[in-house]
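Below is one structure; the comments refer to it alone.
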Amino acid sequence: MSPLPNITPASWIMVGILGFVWGSTFMVIEIALTGISPFWLATFRLAIAAIIMAAFWGVDGFKMGTDPENPPHPVALIWAGAISSGVPFLLLNWGQQYVTSGFAGTSMAAVPLVVLPMAHFMVAGERLTIRSVIGVALGFLGVFLLVGQDALHSSGADLEFWGRMACLTVALCYALNSITIRRLPPINSTALTTIMMASGALITLPFSLIAEGTPGLPPLKAFVALIFLGVISTAAMNQLRVLVIRSAGPTFMTLVNYQVPVWSVVLGSKLLGEPLPPSLIIALTLILGGVAISQWPVVKRLFARR
């Protein structure tokens, strides 16, 4: 049985950092894909992250930090790696070739809708309430308002249907992973992140070799983007994600999925000159309102006078 969620001011800061960095990741992936094929991008990204995390784990003496009487099962750790990064990275990189970015963003925002009922039955202290349902619905409405117009448009690609199915499967994987990590027995967060990244890289490697052959040397711009994806977006942020889920719970972690599309649009506008949708302010209000409603007891405690 997992302990009850412990949501602190640090939890909110970590979720904010995750939302910002992962919101910028779509832009960086676009740059990386100009010189690296989709499956190899997933493999290289995970391999870099695994090497970095293994180095930090080594400094920590390769401690597992597990309960001797209740260690995590190896199959559970491999499963966590598969659904946290291996399968999602392959599907998302492939699917985004055939769908609009709006649909991809909307499908990621569906993660809370999957996590909420799952956590109700599978995680202690994550009970489904009317307030939380209303909050999630408002947040999803805000995200859909932000990117929904593009999401409803067809890309015209022959494989668009399968591309959409791939994006929706990614959302399901992320939801399952949040529950899986929360339910794992005690384990060192660095060890868990390293094992997940290494498992993910080993899963993607045969797909890359079979589907795309031997990779070539990427141009400098794509290589720099790959390093950012491996070190910051994958290694550092997955370590942070594990810390949030293990302490504050999978439902709280889903707040990241509301932020990602917002930051994608804002950064795209500021750095790439893309137009800001006029519905942005309304969308942000709905998203923040949904967060406040779904997490109201926590918000109230944080801002209460001591």
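By convention here, the first residue in the shown sequence is residue 1. Predicted model, so just to flag it, every value in this text is computed and none were measured.
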Fill in: For W94, all residues meeting ring pair (Phe, Tyr, Trp, His ring centres under 6.0 Å), sequence neighbours excluded
Y98
Donor-acceptor list for residues 80-90 side chains, cut-off 3.5 Å, not counting sequence neighbours:
| residue | atom | partner | partner atom | Å |
| --- | --- | --- | --- | --- |
| S84 | OG | A80 | O | 2.9 |
| S84 | OG | G81 | O | 3.4 |
| S85 | OG | G81 | O | 3.2 |

Worksheet entry | ring pair (Phe, Tyr, Trp, His ring centres under 6.0 Å) against F20, all qualifying residues, sequence neighbours excluded | W263
Item to complete: Would you mind listing every side chain to side chain donor-acceptor pair (under 3.5 Å) that reaches into residues 40-50, with sequence neighbours excluded?
Response: T43-T204, T43-S208, R45-T234
Practice prompt. Write down the atom of G95, the atom of A166, and the distance for their closest heavy-atom approach.
Written response: CA-CB, 4.2 Å
Item to complete: Quick one: list whatever passes side chain to side chain donor-acceptor pair (under 3.5 Å) with S233, sequence neighbours left out.
Response: T25
Worksheet item: Of all residues at least two apart in sequence or in a different chain, which pass the side chain to side chain contact (heavy atoms under 4.5 Å, CB included) check with M14?
Response: L240, L243, V244
Discussion item. When you measure from the side chain of T193 to the backbone of T190, do you find a donor-acceptor pair of N or O atoms at a distance under 3.5 Å?
Written reply: no
Response to the item:
CD1 of I48 to CE of M53, rounded to nearest 0.5 Å, is 14.0 Å
Side-chain donor-acceptor pairs of residues 55-62 under 3.5 Å, sequence neighbours excluded:
| residue | atom | partner | partner atom | Å |
| --- | --- | --- | --- | --- |
| W57 | NE1 | K63 | O | 2.9 |
| D60 | OD2 | N188 | ND2 | 2.8 |

Item to complete: Return the minimal non-hydrogen interatomic distance between N93 and P38, and the atom names on each side.
Response: ND2-O, 2.9 Å
Worksheet item: What residues form a side chain to side chain donor-acceptor pair (under 3.5 Å) with S199, not counting sequence neighbours?
Response: none
Fill in: Results of side chain to side chain donor-acceptor pair (under 3.5 Å) for T194 - residues two or more places apart only
none
Item to complete: List in chain and number order the residues that pass side chain to side chain contact (heavy atoms under 4.5 Å, CB included) with I51, two or more places apart in sequence or in another chain; answer none if no residue qualifies.
Response: none
Worksheet item: Going hydrophobic residue to hydrophobic residue with side-chain gaps under 4.5 angstrom, can you get from L202 over to I78?
Response: no
Item to complete: Could I get the full list of side chain to side chain donor-acceptor pair (under 3.5 Å) partners for N177, not counting sequence neighbours?
Response: none
Discussion item. If hydrophobic clusters are built from ILVMFWY residues whose side chains come within less than 4.5 Å, do V21 and L226 share one?
Written reply: yes
Discussion item. Can you list, by chain and residue number, the hydrophobic cluster partners of L220 when the side-chain cut-off is 4.5 Å?
Written reply: V224
